[in-house]
4 protein chains.
Amino acid sequence: SKYEYVRQYESDDKLLPNCWIVIRIDGKAFHKFSDVHQFQKPNDKPALDLMNRCAERVLDQFRDVLLAYGQSDEYSFVFRKDTVLYNRRASKLMTNIVSQFGSSYVFYWKDFFPEKQLKFPPVFDARAVLYPTNLTLRDYLSWRQVDCHINNLYNTTFWNLVLKGGLTNQQAQEKLKGTFAADKNEILFSQFGINYNNERDQFKKGTTIYRERVEVPMENGQIKIRSKITATHCDIIGDGFWEDHTYLLDPYKDA
Amino acid sequence: SKYEYVRQYESDDKLLPNCWIVIRIDGKAFHKFSDVHQFQKPNDKPALDLMNRCAERVLDQFRDVLLAYGQSDEYSFVFRKDTVLYNRRASKLMTNIVSQFGSSYVFYWKDFFPEKQLKFPPVFDARAVLYPTNLTLRDYLSWRQVDCHINNLYNTTFWNLVLKGGLTNQQAQEKLKGTFAADKNEILFSQFGINYNNERDQFKKGTTIYRERVEVPMENGQIKIRSKITATHCDIIGDGFWEDHTYLLDPYKDA
Amino acid sequence: SKYEYVRQYESDDKLLPNCWIVIRIDGKAFHKFSDVHQFQKPNDKPALDLMNRCAERVLDQFRDVLLAYGQSDEYSFVFRKDTVLYNRRASKLMTNIVSQFGSSYVFYWKDFFPEKQLKFPPVFDARAVLYPTNLTLRDYLSWRQVDCHINNLYNTTFWNLVLKGGLTNQQAQEKLKGTFAADKNEILFSQFGINYNNERDQFKKGTTIYRERVEVPMENGQIKIRSKITATHCDIIGDGFWEDHTYLLDPYKDA
Amino acid sequence: SKYEYVRQYESDDKLLPNCWIVIRIDGKAFHKFSDVHQFQKPNDKPALDLMNRCAERVLDQFRDVLLAYGQSDEYSFVFRKDTVLYNRRASKLMTNIVSQFGSSYVFYWKDFFPEKQLKFPPVFDARAVLYPTNLTLRDYLSWRQVDCHINNLYNTTFWNLVLKGGLTNQQAQEKLKGTFAADKNEILFSQFGINYNNERDQFKKGTTIYRERVEVPMENGQIKIRSKITATHCDIIGDGFWEDHTYLLDPYKDA
Ligand SMILES: Nc1nc2c(ncn2[C@H]2C[C@H](O)[C@@H](COP(=O)(O)OP(=O)(O)OP(=O)(O)O)O2)c(=O)[nH]1
Ligand SMILES: Nc1nc2c(ncn2[C@H]2C[C@H](O)[C@@H](COP(=O)(O)OP(=O)(O)OP(=O)(O)O)O2)c(=O)[nH]1
Ligand SMILES: Nc1nc2c(ncn2[C@H]2C[C@H](O)[C@@H](COP(=O)(O)OP(=O)(O)OP(=O)(O)O)O2)c(=O)[nH]1
Ligand SMILES: Nc1nc2c(ncn2[C@H]2C[C@H](O)[C@@H](COP(=O)(O)OP(=O)(O)OP(=O)(O)O)O2)c(=O)[nH]1
Ligand SMILES: O=P(O)(O)OP(=O)(O)OP(=O)(O)O
Ligand SMILES: O=P(O)(O)OP(=O)(O)OP(=O)(O)O
Ligand SMILES: O=P(O)(O)OP(=O)(O)OP(=O)(O)O
Ligand SMILES: O=P(O)(O)OP(=O)(O)OP(=O)(O)O
Ligand SMILES: [Mg+2]
Ligand SMILES: [Mg+2]
Ligand SMILES: [Mg+2]
Ligand SMILES: [Mg+2]
Ligand SMILES: [Mg+2]
Ligand SMILES: [Mg+2]
Ligand SMILES: [Mg+2]
Ligand SMILES: [Mg+2]
Ligand SMILES: [Mg+2]
Ligand SMILES: [Mg+2]
Ligand SMILES: [Mg+2]
Ligand SMILES: [Mg+2]
């Protein structure tokens, strides 16, 4: 039609080739969302499990997502460095992922909260970020996991002070102002008998979902390589995880 | 932390000021989605009503969306020309809208399909497009409504030929190849006694949702101006709709 | 060759259609450049005339540049709203203009400084900015002309205080701190007998170069419309200039 | 002033960190420029030397340019991967480089063409391209050097056929259609007694300018490391040059 010229106003947003593409989603106003749905503080296991379920759905639907890392109300999805999905158009990648995640959140809600009614549809934002090297990608993931650790230690101490210690939010905040990790560990242990190390890894470390390479023995004695979507709550800052799963990043080492 | 430098890899995607921002979403592989959920062909009223419900939710949640136009598996949301929501960051606008829409689709599904199970969470893509003038914005909306008309006339004829006329998909396609609108109208009328004009406006024209300006009489005799989210299936290509609702675009005329 | 894949790393930078494209260039470190070449303070007429000559060369070479405005070490070039030159690629437009301007500066130097040796090749930067409406374009040009006025009034007073008034730079700066336009006019008049109004328009207003529409009578009695590159030092903030030259912006009024 | 809001229409064009930034400039319509200035065909040594002089000026003025490669009417400038010059703003980098190059071309013209008048100021375009890895950067440079080789072999044969062989341009073009490198070498040798290998390296390989690391012995017997802008016409496709100058790219190997 004579109106078709308006297509020319669309802009190209192809992402630079040969870089890691990270799509990070984050829940909109989950402070309020968590309150309304009475999520346990500081960590609501079903809520976090639901986040993980949605992320698995994303990996299941988008074959080029190599790995995902999630904590709190956020999830980061890492596309293969050489993906050509949607010709690397940023909008397409972001919006497909965030919309898959958000609709899955509602879809799977009842599996994790059989007794609890979802009050309103949640919203997530998303962004695309490029990392040119394996090192910068690992630093990105480390950034998110350190963030998880810092927030979780703070929140765990805070809510113990409030819920068990009888402090007001204001008082707990005051008490924690300027404290270091060691101080918070000490408060937890001395006041509440909690050894922070014994807290769930899922809460302390967040969740990493990746395509595990598994060897499947076949009838004829040979071995088939398959990939299996696997979740773990381990440390991804140190080299251990990456040395155990060299097939994730190493193929891109010299690119 | 020492990893925070990775934030600098995020790029700024602020949209040019003083332009209409259109966010268009479109269902991913809705050909298959419609099949799996046995949507009526060519138009499934509950499915279209559900799309409209989700769009209303978007307008309800995002005050700066002035107007929306939807048809088939797509919806376009028009932000006020002068919106500063999220500092006009394209990613934020796109992903908030698409994620609100997608999660609402699952959330409200049961209100429109009480008997039908949603089989899997749907996915939508989104893009942001800028239109610098009222004329280009109107041409954009006309483009979508013409698209609605062309597709709907084709699909209506096609599915009558197949479902009532006994043709195979292949045969129906052949028969319609190269035909004009008048030919399709004629086929519908002569073979199936259908006057295309009498088809539902919702199917022929799509749905326009906008903030209607309503005058609310107050106790003291004065009048309050309120806005009310209103849906219509009227023509938005001609001047009529816009002359009847000058408050929508005219404030931006001389900007 | 097998290396050609590297072309895919180039990114598309097409500018939004139907917006005014402004390319502004600005001399790099012209503080030093002016010193080295002993430009008269605060205004060196040959230097400013040379800038204008270069701008004329740009208009001469790039037919889609409608108008240019210059002052000090900067020049702004306005492309027709509907230009498709280089498919509106920002890099191409910016670099063509800035490179034409810079090489012209050296080329024409001797015509304006027959006695003065150019000591080193000057450098200019450039940027592309979009303005969606006639109003924003005019406000852009007004911004630059106001800047010219403010700087020129300040510099004129400053250098009179220093060169004729015997103040040190430091003292002149002190004296002018916090003064308003009226104060500076007063200093000029009472201390140096200078009526600022009588200063050259070229210094007070900068230079506007545009394609004037001229009517050329032909032998057969008919009239031909031609355009002629013309320079003026008039006010372009008020409506006067634009009313006298409606053919410049008006064609784009309803676009 | 009240007009300052127009600054907000400027967009941010910061380039992704930790990637090689290549600025490639190319002469505008140098086909015509070479004709007008009667450059020798296919290679005019003074013209190519002038290009090199301008590139040296660029390296001299922009400390973060590590290396440059030039041939014909083009030059590529490689910025250090970690440069923060102008905060990596693409427009600033492109326009500074191209404008330095273009004004230098006019400035140094007389040093290379003492007898020849420059007829008009030349124009160059520029673009910025990102390469995330050492490999892609080297492939980029190889792409340009292969291009040099292919064009030069073709042009050398073509102009020998025309200037010495008496063919028309049309006939020479016909004769070379579909020929391989070996065929062109053969034509050159059998018809004109030219061994292509003996042609100047500058013509066959182009020019690479880099900051050579030199050791300067000091009075006290110690050694100081200095860098010196150096030009070479060697092969940069193979590993040799890079192995001899590991300090150029290797520091960025693991980044
Ligand atoms: N009670 C509870 N709250 C949680 C849990 N996971 C996340 N949240 C809440 C705590 C934080 O207020 C919020 C996440 O912080 P954000 O920085 O993303 O802020 P929020 O989503 O409120 O605002 P935003 O729209 O992202 O700027 O989500 C949980 O397991 N239990
Ligand atoms: N049966 C039925 N199908 C519908 C209805 N509305 C939309 N659809 C289907 C018909 C089309 O195949 C599809 C929309 O066309 P699209 O061009 O968006 O293609 P699709 O979503 O399959 O692929 P995409 O991922 O958007 O490229 O949705 C409806 O009311 N009833
Ligand atoms: N003496 C003299 N100086 C002038 C004249 N026109 C411009 N200039 C100088 C005065 C200013 O220091 C300078 C223009 O100011 P800018 O803000 O563009 O600064 P500058 O070019 O030094 O640095 P930049 O690289 O643009 O950030 O040029 C003139 O006619 N006479
Ligand atoms: N005679 C002669 N011509 C040369 C020499 N170096 C470059 N040229 C000419 C030959 C080519 O026509 C031209 C470079 O080719 P380009 O693809 O850059 O084309 P041109 O600059 O004409 O157009 P453009 O504006 O870049 O699209 O410059 C030389 O040393 N001698
Ligand atoms: O999705 P389509 O088929 O309507 O076509 P498009 O939107 O122009 O294509 P894309 O979704 O790839 O932008
Ligand atoms: O959302 P926050 O608070 O984590 O902070 P941010 O992500 O840096 O901010 P934004 O969402 O505005 O990019
Ligand atoms: O160059 P200035 O000082 O006029 O200021 P600017 O143009 O706003 O700054 P920049 O050149 O860095 O865009
Ligand atoms: O300029 P050419 O002919 O080498 O080709 P290009 O550089 O790929 O084209 P453009 O200058 O338009 O980017
Ligand atoms: Mg955020
Ligand atoms: Mg959040
Ligand atoms: Mg969060
Ligand atoms: Mg599409
Ligand atoms: Mg679709
Ligand atoms: Mg569609
Ligand atoms: Mg500046
Ligand atoms: Mg300057
Ligand atoms: Mg300046
Ligand atoms: Mg080119
Ligand atoms: Mg060229
Ligand atoms: Mg060239």
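Numbers restart at 1 for each chain; the letters A, B, ... are given by sequence-line order, proteins then strands.
Here OG of A:S11 is found 11.5 Å from CG of B:L16. Values are rounded to the nearest 0.5 Å. Atoms NZ and NZ, on B:K28 and A:K92 in that order, are 9.0 Å from each other to the nearest 0.5 Å. Expressed to the nearest 0.5 Å, how far OH of B:Y140 lies from CZ of A:R7 amounts to 9.0 Å.
The shortest heavy-atom contact between B:L135 and A:Y5 is O-OH, 4.5 Å. Across B:S103 and A:P121, no two heavy atoms sit closer than the pair OG-CB, 3.3 Å.
A donor-acceptor pair under 3.5 Å links the side-chain atoms of B:Y131 to the main chain of A:V6, judged by distance alone.
Proximity to chain B (any heavy atom under 4.5 Å) is shown, for A:Y105, by neither the backbone nor the side chain. Residue contact with chain B, scored on non-hydrogen atoms closer than 4.5 Å, involves the backbone of A:L130 exclusively. Contacts between B:Y9 and chain A at a heavy-atom distance below 4.5 Å involve backbone atoms as well as side-chain atoms. Residue A:R89 touches chain B through its side chain alone, counting heavy-atom pairs closer than 4.5 Å. Of the atoms belonging to B:F120, heavy atoms from both backbone and side chain fall under 4.5 Å from chain A. For a residue to count as touching a neighbouring chain, one of its non-hydrogen atoms must lie under 4.5 Å from one of that chain's; by this rule A:R24 touches chain B with the side chain only. Contacts of B:S104 with chain A are made by both backbone and side-chain atoms, with heavy-atom separations under 4.5 Å. Contacts of B:R138 with chain A are absent, with no heavy-atom separation under 4.5 Å from either backbone or side chain.
Options B:S91, B:A126, B:A128, B:S1 differ in how many heavy-atom pairs under 4.5 Å they form with chain A, and the most are formed by B:A126. For the set A:V146, A:D147, A:I25, the count of heavy-atom pairs under 4.5 angstrom toward chain B peaks at A:V146. Your options are B:L137, B:I237, B:T95, B:V106, and the one with the most heavy-atom pairs under 4.5 Å with chain A is B:T95. Among the candidates A:A90, A:P122, A:S142, the residue making the largest number of heavy-atom pairs closer than 4.5 Å to chain B is A:S142.
Heavy atoms from other residues, nucleotides or ligands lying under 6.0 Å from NZ of A:K119 number more than 12.
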Q) Going through the distances and angles, do B:Q145 and A:Y3 end up as a side chain to side chain contact (heavy atoms under 4.5 Å, CB included)? A) CA-CA 10 Å; B:Q145 194 170 52; A:Y3 301 115; over 6 Å; no
